Amino acid sequence: SSTMSFSEAEVQSARGAWEKIYVDAEDNGTAVLVRMFTEHPDTKSYFTHFKGMDSAEEMKQSDQVRGHGKKVFTAINDMVQHLDNSEAFLGIVNPLGKKHATQLKIDPKNFRIICDIILQLMEEKFGGDCKASFEKVTNEICTHLNNVYKEAGW
């Protein structure tokens, strides 16, 4: 298993960047999912209760979309709190990856899509520095999730 190499400064600036968007976890999590479902409609097929929703407005109001948006942001928040402890970080990433690979059978490319949309949103709301501070975190998350998928036989 690969260990993470974040300097103390990188950890601090990544956490600072993340805090800005996590303050409104439900709204921002929802915005990320709505953008993903709108720009990549095939991703909706994994969510039976979102399938019939075509308008962004309808998705934004949906309790299920809002709930899942918050769940995604909460999971990332847990990871961000453990950037300086790879064992704890993997303790969150591994079961999450395993569940998405084996039970939910989500194509792992969707993790990259969602991470890129989070970075876009950060840049739009808080500028390029905010995005740059968080980029390494998203790469780390996606790399580890992909490793879990490989182990699960994808």
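Remember, predicted model here, so these are calculated numbers, not experimental data.
- Proximity of Val32 to Leu121: side-chain heavy atoms (C-beta onward) are separated by under 4.5 Å at one or more points.
- A donor and an acceptor atom, one from each side chain of Ser133 and Arg15, are nowhere located under 3.5 Å apart.
- Screening Asn94, Asn139, Val93 against His144 for a side-chain contact (heavy atoms from CB on, under 4.5 Å) leaves a single residue, Val93.
- Between Thr102 and Lys98, the closest heavy-atom pair is OG1-O, 2.6 Å.
- When only modelled atom types and interatomic distance are considered, Gln61 and Glu57 share a side-chain donor-acceptor pair under 3.5 Å.
- Counting non-hydrogen atoms of neighbouring residues, nucleotides and ligands closer than 6.0 angstrom, the CG atom of Asp63 reaches no more than 12 such neighbours.
- In this structure, Phe47 and His49 have perpendicular ring planes: the angle between them is above 60°, well past the 30° mark.
- The pair Lys70-Glu26 fails the salt-bridge criterion, with no side-chain N (NZ, NE, NH1 or NH2) lying under 4.0 Å from an Asp/Glu carboxylate O.
- With a 4.5 Å cut-off on side-chain heavy atoms, Asp84 and Phe89 do not count as touching.
- Of the possible polar contacts, none joining the Asn146 side chain to the Thr143 backbone as a donor-acceptor pair under 3.5 Å is found.
- Under the 3.5 Å distance criterion, with hydrogens and angles disregarded, no donor-acceptor pair is assigned to the side chains of Asn147 and Glu151.
- Ala88 and His82 make their closest contact through CB-CD2, 3.4 Å (heavy atoms, listed as atom of the first residue, atom of the second, distance).
- Interatomic distance, Arg66 CZ to Lys71 NZ, rounded to the nearest 0.5 Å: 15.5 Å.
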* To do: I would like to know whether Asp54 and Lys44 meet salt bridge (charged side-chain N to carboxylate O under 4.0 Å, His left out); could you show each step before the answer?
  => CA-CA 10 Å; Asp54 289 322; Lys44 277 197 297 187; 3.4 Å; yes

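- Between Tyr149 and His100, the gap from one ring centroid to the other reaches at least 6.0 Å.
- Remark: Gln120 CD to Met122 CE distance equals 12.5 Å, nearest 0.5 Å.
- Contact annotation: the side chain of Ile118 approaches that of Ile76 to within less than 4.5 Å [non-hydrogen atoms, C-beta and beyond].
- Both Leu104 and Met36 are assigned to one and the same hydrophobic cluster, defined by single-linkage of ILVMFWY side chains at heavy-atom distances under 4.5 Å.
- Going from atom NZ of Lys60 over to atom OG of Ser55 covers 8.5 Å, rounded to the nearest 0.5 Å.
- Checked against the 6.0 Å centroid criterion, the rings of Tyr46 and Phe37 do not qualify as a close aromatic pair.
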* Asked: After noting the C-alpha distance and the side-chain angles of Phe126 and Ile21, does the key distance pass the side-chain contact (heavy atoms from CB on, under 4.5 Å) rule?
  -> CA-CA 9 Å; Phe126 310 109; Ile21 199 164; 4.1 Å; yes

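- Using a 4.5 Å cut-off on side-chain heavy atoms (C-beta onward), Ser7 and Glu10 make contact.
- Taking the six-membered ring where the residue is Trp, Phe73 and Tyr22 present parallel rings, their angle staying beneath 30° rather than reaching 60°.
- A cation-pi arrangement, defined by a distance under 6.0 Å to the six-membered ring centre and an angle within 45 degrees of its axis, is present between Lys136 and Phe6.
- Note that CD of Glu124 is 11.5 Å distant from SG of Cys130, once rounded to the nearest 0.5 Å.
- The 12-atom threshold is exceeded at CD of Glu39, counting heavy atoms of other residues, nucleotides or ligands nearer than 6.0 Å.
- For the side-chain contact (heavy atoms from CB on, under 4.5 Å) test with Arg35, the passing option among Ile117, Thr30, Ile113 is Ile117; the others fail.
- In this structure, the side chain of Glu19 does not engage the main chain of Gly16 through any donor-acceptor pair within 3.5 Å.
- Not one N or O on the side chain of Asp107 forms a donor-acceptor pair closer than 3.5 Å with the backbone of Asn110.
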* In sequence, state the C-alpha distance, the side-chain angles, and the governing distance for Val65 and Phe50, and then conclude on side-chain contact (heavy atoms from CB on, under 4.5 Å). => CA-CA 7 Å; Val65 176; Phe50 306 169; 3.7 Å; yes

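- When atom types are taken as modelled, the side chain of Trp154 and the backbone of Ala101 share a donor-acceptor pair closer than 3.5 angstrom.
- Ala75 and Leu96 get closest at one heavy-atom pair: CB-CD1, 4.5 Å.
- For the atom pair CE of Met79 and CG of Asn77, the computed distance is 10.0 Å after rounding to the nearest 0.5 Å.
- Gly97 and Val148 make their closest contact through C-CG1, 3.7 Å (heavy atoms, listed as atom of the first residue, atom of the second, distance).
- Atoms CD1 and CG, on Ile114 and Leu119 in that order, are 11.5 Å from each other to the nearest 0.5 Å.
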